[in-house]
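Just below is one structure, and these are the notes that go with it.
Order of the sequence lines fixes the chain letters, A, B, ..., with proteins taken first and strands second; residue numbering starts at 1 for each chain.
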Amino acid sequence: MGLNFTLFNSLSENFICPRCHKKGGVTQFFTYRNSENACVSCKACGYTEIYDYNIQDSKYSILK
Amino acid sequence: MEPHIFFILFLAVVALVGGGVVLFFALKPKKKAPGTISGEEVKSYFEDSPLQEVIQSLKQKLAKQYQCPKCQGRKHEAVRFDEDLFEVYCLQCGLKNFYLVDLLAGLKRQTKKTKSRFPKEWLRNTTDVPCLQCKNREFSNFKMDMDVRYKFSGYGDTKKVTLYLNSCKSCGLVNFFDRERA
């Protein structure tokens with residue numbers, strides 16, 4: 001499977017932390033229990049959001 | 001016909017009919033009194049139903065209260081993650097939220113997970129922020145080990161990571177924190 005790194009960049013750049021309201025995140029891809037996920041962590045406070053990679057990827061493809 | 005032979009035949013007929021009647025009532029299934037349940041039914045109820053019923057009622061509770069903190073969408077899918085957590089993901093934006101089942105159900109008991117706490121100071125700047133879903137300010141902090149597989153450009157590496165979580169005491173919504181940045 002080819003990972004969509006443009007999506008990762010987009011997730012990191014557009015991330016605004018809902019807790020501390022600061023901009024910028026770090027994205028990682030990981031799998032557990034056969035589900036593919038992208039997680040974005042806030043650079044400032046560490047709050048992490050986990051997304052289903054396939055839903056985000058299809059959403060990104062539609063937007064593009 | 002001799003009277004004693006007639007008597008013996010009569011006794012034989014009576015014995016046959018009596019035995020048939022006794023056999024019929026012995027084999028006939030017994031009717032339960034209304035409102036009573038058999039031992040087997042009780043056993044299957046307590047062994048199988050409660051867990052399914054609890055999961056079903058929690059899913060119904062989630063269906064009422066769930067609103068994605070990111071896109072405000074209400075369409076979601078809830079699956080049981082492990083004995084303590086529910087994994088709920090938004091079908092619109094894919095955001096995954098986790099709920100601590102006990103707190104979602106309104107129970108206050110301590111589980112294996114909530115007992116494994118970590119120092120509150122580890123989460124800088126985060127303890128004063130209210131819950132993203134119900135605005136409650138009380139949280140339960142705990143940590144959890146999980147096997148994850150990271151992938152970067154085709155390179156795969158499985159490792160055990162420790163997640164630092166806090167769960168809203170009112171609705172059970174779990175927040176994840178990256179220890180290196182928190």
Item to complete: Drop me the distance from A/Ile16's CD1 to B/Lys70's NZ, to the nearest 0.5 angstrom.
Response: 7.5 Å
Worksheet item: When hydrophobic residues are tied together by side-chain contacts of less than 4.5 Å, even through go-betweens, does A/Leu7 share a cluster with A/Phe15?
Response: yes
Worksheet item: Under a 4.5 Å side-chain heavy-atom rule over Ile, Leu, Val, Met, Phe, Trp and Tyr, are B/Tyr89 and B/Phe86 clustered together?
Response: no
Worksheet item: Do A/Ile50 and B/Phe98 come close enough that some side-chain heavy atom pair is under 4.5 Å?
Response: yes
Worksheet item: Could you state the interatomic distance from SG (B/Cys90) to CD1 (A/Ile55), rounded to the nearest 0.5 Å?
Response: 7.0 Å
Discussion item. With a 4.5 Å cut-off on side-chain heavy-atom distances among I, L, V, M, F, W and Y, is there a chain of contacts connecting B/Val21 to B/Phe24?
Written reply: yes
Worksheet item: Are A/Tyr51 and A/Phe29 connected in a single hydrophobic cluster, I mean Ile/Leu/Val/Met/Phe/Trp/Tyr linked by side-chain heavy atoms less than 4.5 Å apart?
Response: yes
Fill in: Beyond-backbone contact of B/Leu132 with A/Tyr47, side-chain heavy atoms, under 4.5 angstrom
yes
Discussion item. Can you tell me which portion of B/Leu95 sits under 4.5 Å from chain A's heavy atoms? Options are side chain, backbone, both or neither.
Written reply: both
